[in-house]
Chemist: 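After the structure tokens below, expect a handful of questions from me.
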Amino acid sequence: MPVTAYDLTGRTAFVTGAASGIGRACAVLLAAAGAVVHCADRDDRGLDETADLIKDKGGVAHTYALDVTDRALLGQAVAACERLDVMAAVAGIMHSSPVLETREEDLDRVLGVNFKGVLYACQEAARAMIASGTRGSIVTMASGAVDTGGPGLLCYGAAKAAVVQLTKTLATEMGPHGIRVNAVAPGWIRTPMTDRNDDETQARTEAFMARMSPLGRVGEPEDIAHAVLYLACDASAFTTGQILRPNGGVAMPW
Ligand SMILES: NC(=O)c1ccc[n+]([C@@H]2O[C@H](COP(=O)([O-])OP(=O)(O)OC[C@H]3O[C@@H](n4cnc5c(N)ncnc54)[C@H](O)[C@@H]3O)[C@@H](O)[C@H]2O)c1
């Protein structure tokens with residue numbers, strides 16, 4: 001018997017950060033579940049590759065080359081969707097610097113992309129859903145960093161903690177409209193963001209991260225995409241304001 005709660009046929013999803021890693025996996029999986037997927041990213045070549053992956057499997061994809069910190073452009077892209085059922089605000093950047101060496105421009109850049117970019121996507125999506133009376137789902141991308149802290153993680157962790165606060169606050173405000181808002185907080189996932197550009201360091205890092213997990217492996221983008229699909233679809237109809245932690249059971253050592 002088909003599990004219809006996971007069927008997104010007739011629905012439309014907007015995914016930021018869709019040109020790479022987790023965002024690409026989300027876009028591809030949401031399309032495979034039946035959604036028309038609007039893919040946004042600042043990397044236009046990566047966007048085209050994602051759209052090709054979706055279309056090769058018979059899905060429908062539209063692309064928007066934009067920076068998520070550009071509120072006006074993001075608004076135009078969301079407005080271009082005929083309807084909006086799902087927003088997955090995935091775009092993000094990594095930054096690492098010790099607290100005592102962190103510059104104001106580092107903080108501004110990371111908060112700009114990882115927090116304001118998510119905030120703008122949430123605002124645009126919520127406004128569109130309210131205007132059309134759509135009982136939609138908004139999914140933000142936090143990180144395991146919000147639970148642990150860690151050397152160098154001030155800017156990144158602060159932005160992700162702000163995303164958690166945004167998610168919980170927006171969930172309380174959107175509930176009366178039937179709009180759900182949840183976050184995914186992944187553990188260490190193998191993507192370009194975690195690529196160390198050196199095979200030996202990469203292998204050592206992955207082996208360490210795999211040992212930290214009771215499951216004995218690192219995460220893949222598809223592991224996170226499945227969490228996003230769950231939060232996007234009717235299977236999670238009674239779930240809002242939650243932080244889902246697909247992290248392989250890892251309790252970080254620091
Ligand atoms: N990989 C991990 O271990 C991990 C763990 C926890 C959380 N996350 C979060 O998951 C999300 C996706 O990360 P990923 O690992 O897939 O990284 P990634 O680098 O593979 O993908 C990030 C995507 O975001 C896009 N992007 C970055 N800044 C942008 C901007 N200003 N405007 C538009 N697009 C922009 C990039 O072009 C890229 O396509 C991020 O929010 C990241 O913080 C990742």
Side-chain angles (χ1 to χ4, degrees), residues 14-29 38-51 53 63-75 77-78 87-96 108-122 124 139-150 152-153 155-164 166-167 183-197 202 205-206 208-210 212-213 217-225 227-228 243-248 250 252:
F14 194 102
V15 181
T16 73
S20 175
I22 293 169
R24 170 176 287 171
C26 290
V28 169
L29 189 64
H38 295 258
C39 303
D41 203 291
R42 63 183 176 186
D43 169 6
D44 52 355
R45 195 186 304 172
L47 271 181
D48 288 344
E49 288 170 10
T50 301
L53 286 171
T63 57
Y64 306 87
L66 56 78
D67 192 305
V68 290
T69 62
D70 188 330
R71 188 177 211 151
L73 267 187
L74 192 56
V78 172
M87 168 60 77
V90 181
I93 53 173
M94 173 47 80
H95 171 82
S96 178
D108 289 347
R109 189 171 55 88
V110 180
L111 284 174
V113 178
N114 290 6
F115 175 56
K116 286 188 186 173
V118 176
L119 170 64
Y120 300 156
C122 289
E124 294 300 336
V139 185
T140 62
M141 199 54 54
S143 164
V146 298
D147 294 324
T148 62
L153 282 179
C155 297
Y156 184 80
K160 294 299 187 182
V163 166
V164 168
L166 163 66
T167 303
V184 176
W188 197 95
I189 309 300
R190 195 191 335 237
T191 70
M193 181 179 279
T194 51
D195 189 343
R196 296 287 181 267
N197 290 324
Q202 186 71 17
T205 304
E206 290 194 11
F208 172 77
M209 290 299 172
M212 291 296 110
S213 165
R217 69 170 177 89
V218 298
E220 302 292 344
E222 291 71 23
D223 292 315
I224 308 309
V228 170
I243 315 302
L244 183 56
R245 293 175 168 78
N247 60 12
V250 170
M252 296 301 259

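None of these values were measured; they are calculated from a predicted model. As the structure lists them, so they are numbered: ligands from 1, and atoms in each ligand from 1.
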Chemist: Heavy atoms only, cut-off 4.0 Å: how does Ala142 contact ligand 1, side chain, backbone, both, or neither?
Modeler: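 Only the backbone of Ala142 comes within reach of ligand 1.
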Chemist: I need the nearest protein heavy-atom contact for atom 43 (O) of ligand 1: residue, atom name and distance, please.
Modeler: Tyr156 OH, 2.5 Å
Chemist: Run the numbers on Arg24 and Asp41 for salt bridge (charged side-chain N to carboxylate O under 4.0 Å, His left out), then give the verdict.
Modeler: CA-CA 10 Å; Arg24 170 176 287 171; Asp41 203 291; over 6 Å; no
Chemist: Give me the residue, atom name and distance of the protein heavy atom closest to atom 22 (C) of ligand 1.
Modeler: Gly92 O, 3.7 Å
Chemist: Tell me: protein heavy atom nearest atom 6 (C) of ligand 1, and distance?
Modeler: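 I find the closest protein heavy atom is Pro186 O, 3.5 Å.
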Chemist: Can you find an N or O of Trp188 that's nearer than 3.5 Å to an N or O of ligand 1?
Modeler: no
Chemist: Have a look at Met212 and tell me which of Val218, Asn247, Val250 forms a side chain to side chain contact (heavy atoms under 4.5 Å, CB included) with it.
Modeler: Val250
Chemist: Flag Asp43 as yes when one of its N or O atoms lies below 3.5 Å from any N or O atom of ligand 1, and as no otherwise.
Modeler: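 No; every N/O pair is 3.5 Å or more apart.
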Chemist: Which residue and atom name correspond to the protein heavy atom nearest atom 3 (O) of ligand 1, and how close is it?
Modeler: Ile189 N, 2.8 Å
Chemist: Heavy atom under 4.0 Å from ligand 1: found in Lys160's side chain, backbone, both, or neither?
Modeler: side chain
Chemist: Is Ser20 close to ligand 1, meaning an N/O of one under 3.5 Å from an N/O of the other?
Modeler: yes
Chemist: Is it the case that ligand 1 has an N or O less than 3.5 angstrom from some N or O of Asp41?
Modeler: yes
Chemist: Hey, is Thr16 touching ligand 1 through its side chain, its backbone, both or neither, going by heavy atoms under 4.0 Å?
Modeler: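 Neither; no heavy atom under 4.0 Å.
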